[in-house]
Amino acid sequence: MLDVNYIREHTNVVKQGMLNKGEKNSAVVDEVLEVDEKWRSMVQKVDELRNESNTKAKEIGNLMSKGKKEEAQKVIQHTSKLKEKLKGLEEELRALKSTRDDLLLRIPNVPHESVPVGHSEEENQVYHTWGEPYDKEWRKPHWEVVEEAGWIDFERGAKVAGAGFPFYVGPIALLQRALINYFLNKATEHGFTEIQAPYFVNEDSARGTGQIPDKEDMMYVIPRDELFAIPTAEVPVTNFHRDEIVEEDQLPLFYVAYTPCWRREAGSYGKDVRGLNRLHQFDKVELVKIVHPDRAYDELESLREYAESLLQDLNLPYRTLLMCTGDMGFTQTKKYDLEVWSPGQSRWLEVSSCSNFGSFQARRMQLRYRDEKGKIRILHTLNGSGLALPRVVAAILETYQQEDGQIKVPRVLQPFMGREYL
RNA sequence: GGAGAGAUGGCAGAGUGGUCGAAUGCGGCGGUCUUGAAAACCGUUGAGGCCUCGCGGUCUCCGGGGGUUCGAAUCCCUCUCUCUCCGCCA
């Protein structure tokens, strides 16, 4: 959520940002300002009446304590009328405020000036590429590998839960565990505090990180208990400090969490979702940074570099994209995607996305800090995957495939697995 | 799941219808004293909105929401959470 005062002072920036992000029109910005204007003038009116009513109430108290009942009675008559008037106005005030806030939630975050303007994924910039994308040669796509070896059971997954909920069997289960451990260990060494988070969150948390109202259809909902299955650890972890005021000397706050992630992925089909390319449940190690506003963009770069270092460690060729305004999403100001090369499919697969949210999430969740002058300010939040497992596994199965069909274990994972081949 | 108790400022803890945004203690900050520190003493110390260039004014907030009343931290309803006991259980 943007600050309404910011919108008032930078109306055109907000509107342009909205259009650049692919919204059809920016009329909602004017609506917000109009409603806010009404709300503010109403606040003054109501406050004046309340002031009068408070003053009279005290007067009554005074008269009563002195035993002047009749005089008090007169004042009470007056305030009773006042109260009636107030009731209606307060109702209106409340309605205006909730209208304003609903509208406010529909305005996306403003892209940073360094973000390329564009409407679709074709206009994303290739920030850089690392390693040589391998030729397919004799390599099979990962789904053939795992099917032949019996390592991932999609069919039984479909029987037991549904499509997109696979079983990982034997060496692949071990490989995933190794990846998770490796990712967590490395993040911890880099100053991230590991936390284990709830896998279900309430509505306030979903709103705090911006899944509601923009992306509610992505989440699995448990209506009976009013809970949402987390689509990413970003949600519980960023909300960890919701409604808190952090002392400045505690900053920055870096967290890492492994969780499963659940996404409905409505409308997906075809070769894009083959094998491990897209699942309803997958594992991910997520990094969250809560930082001083001045530090946010530097922290985004170091977050991106850190996520890249994981792919370098695994020796998997990848490329980094700087997302254009139209492909970036509602809540971000700037975002990088990391895509690993899948030689079995001859295509890039997204395995990480590193974003700066500015104050957008923190304002929603009243996540603040006290600066050295004692003033309370909104923090900035960032997050990045480090990394999402299934596509990394797919890339390993294809990249580390030997000509005889064996799969080598990446060097950095061998200590976690105690073997050289799957 | 059943029965009971509770939720107050950074923390502890008073306050049961009027002058309470809230005693007191601890903590924090500033000062006196000291070569420096501690102790002691004095002062100060919640958040948010609106108006204002500023001084300042004003409103709201005592777990969340709603109600009674001229007036609510205090009374009523409801939800959430915490604690104790019982039951169930990885």
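What you see is a predicted model; the values in this text were computed from it and never measured. Chain naming here is simple, since letters A, B, ... match the order of the sequence lines and numbering starts at 1 in each.
Across all strands shown, B/A73 forms no Watson-Crick or G-U wobble pair with both distances under 3.5 Å. Nucleotide B/A14: unpaired (no Watson-Crick or G-U wobble partner with both distances less than 3.5 Å). Across the strands present, B/A23 finds no partner; the criterion is a Watson-Crick or G-U wobble pair with both atom distances under 3.5 angstrom. For B/G43, the paired base is B/C29 (Watson-Crick or G-U wobble, both distances below 3.5 Å). Across all strands shown, B/G54 remains unpaired; no Watson-Crick or G-U wobble contact has both distances below 3.5 Å. B/G1 is paired with B/C86 under the Watson-Crick or G-U wobble criterion, all donor-acceptor distances under 3.5 Å. In this structure, B/A7 forms a base pair with B/U80, meeting either the Watson-Crick or the G-U wobble geometry with both donor-acceptor distances under 3.5 Å. The base-pairing partner of B/G36, taking Watson-Crick or G-U wobble contacts with both distances under 3.5 Å, does not exist among the strands shown.
The distance between atom CG of A/Asp225 and atom P of B/G1, rounded to the nearest whole Å, is 9 Å. In this structure, A/Arg242 atom CZ and B/A47 atom P are separated by 21 Å, rounded to whole Å. Remark: C1' of B/G18 and NZ of A/Lys68 are 16 Å apart, rounded to the nearest angstrom. Taking atom CD of residue A/Glu203 and atom C1' of nucleotide B/G64, one finds them 14 Å apart after rounding to whole Å. Summarising the geometry, the separation between CG on A/Asp243 and P on B/G64 is reported as 11 Å, rounded to the nearest angstrom. Spacing between atom CZ of A/Arg363 and atom C1' of B/A47 amounts to 17 Å, rounded to whole angstrom units. If you measure from atom CG of A/Asp36 to atom C1' of B/C50, you get 11 Å, rounded to the nearest angstrom. The distance between atom CE of A/Met1 and atom C1' of B/G48, rounded to the nearest whole Å, is 13 Å.
Taking atom C1' in both B/U80 and B/A90, the straight-line distance is 26 Å, to the nearest Å. As rounded to the nearest Å, B/G49 and B/G10 have C1' atoms that lie 23 Å from one another. Nucleotides B/C75 and B/U8, compared at atom P, are 15 Å apart to the nearest Å. The gap from the P atom of B/G13 to that of B/A3 amounts to 28 Å, rounded to the nearest Å. Taking atom C1' in both B/G9 and B/G48, one finds a spacing of 14 Å when rounded to whole Å. On the P atoms, B/G27 is 41 Å away from B/C51, given to the nearest whole Å. B/U68 and B/G31: their C1' atoms are spaced 49 Å apart (whole Å). Straight-line distance between the C1' atoms of B/A5 and B/C11: roughly 22 Å, to the nearest whole Å.
A donor-acceptor contact closer than 3.5 angstrom is absent between the side chains of A/Ser53 and A/Lys83. No side-chain N or O of A/Asp102 forms a donor-acceptor pair with one of A/Thr99 less than 3.5 Å apart. There is no side-chain donor-acceptor pair under 3.5 Å between A/Thr238 and A/Gln361.
With hydrogens and angles disregarded, a donor-acceptor distance shorter than 3.5 Å links the side chain of A/Gln414 to the backbone of A/Val409. Using modelled atom types, one side-chain atom of A/His280 and one backbone atom of A/Arg264 make a donor-acceptor pair closer than 3.5 Å. Under a 3.5 Å cut-off, the side chain of A/Asp101 and the backbone N or O of A/Ser98 do not form any donor-acceptor pair. A/Lys21 contributes a side-chain N or O that, together with a main-chain N or O of A/Phe330, makes up a donor-acceptor pair within less than 3.5 Å.
Proximity note for A/Arg50 (side chain, C-beta onward) versus B/A47, B/C59, B/C50: the nearest is B/C59. Which of B/C51, B/U68, B/U58 sits closest to the side chain of A/Lys87 comes down to B/U68.
Between A/Arg40 and B/C51 there is a side-chain N or O to OP1 or OP2 distance below 4.0 Å. Between A/Arg370 and the phosphate of B/A47, there is a side-chain N or O to OP1/OP2 separation shorter than 4.0 Å. Taking only side-chain nitrogens and oxygens, A/Asn62 never comes nearer than 4.0 Å to OP1 or OP2 of B/U19.
Note on ring orientation: taking the six-membered ring where Trp is involved, the planes of A/Tyr255 and A/Phe240 are perpendicular (angle over 60°, cut-offs 30° and 60°).
Figure legend: A/Arg304 and A/Tyr336 shown as a cation-pi pair, the cationic atom lying under 6.0 angstrom from the six-membered ring centre and within 45 degrees of its axis.
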Scan nucleotides 69-83 of chain B nucleotide by nucleotide, 5' to 3', and note B when protein non-hydrogen atoms come under 4.0 Å of the base, S if they reach only the sugar-phosphate, - if neither.
BBS------------
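Residues that satisfy the side-chain hydrogen bond (donor to acceptor under 3.5 Å, both in side chains) test with A/Glu299, not counting sequence neighbours, are A/Lys289, A/Arg295, A/Ser302.
When heavy atoms are screened at a 4.0 angstrom cut-off, A/Leu82 is found touching no nucleic acid atom at all.
Of the residues near RNA chain B, A/Glu52 and A/Arg94, the one whose nearest nucleotide (by heavy atom distance) lies more toward the 5' end is A/Glu52. If A/Thr55 and A/Ile245 are placed on RNA chain B by their nearest nucleotide, the residue sitting closer to the 5' end is A/Ile245.
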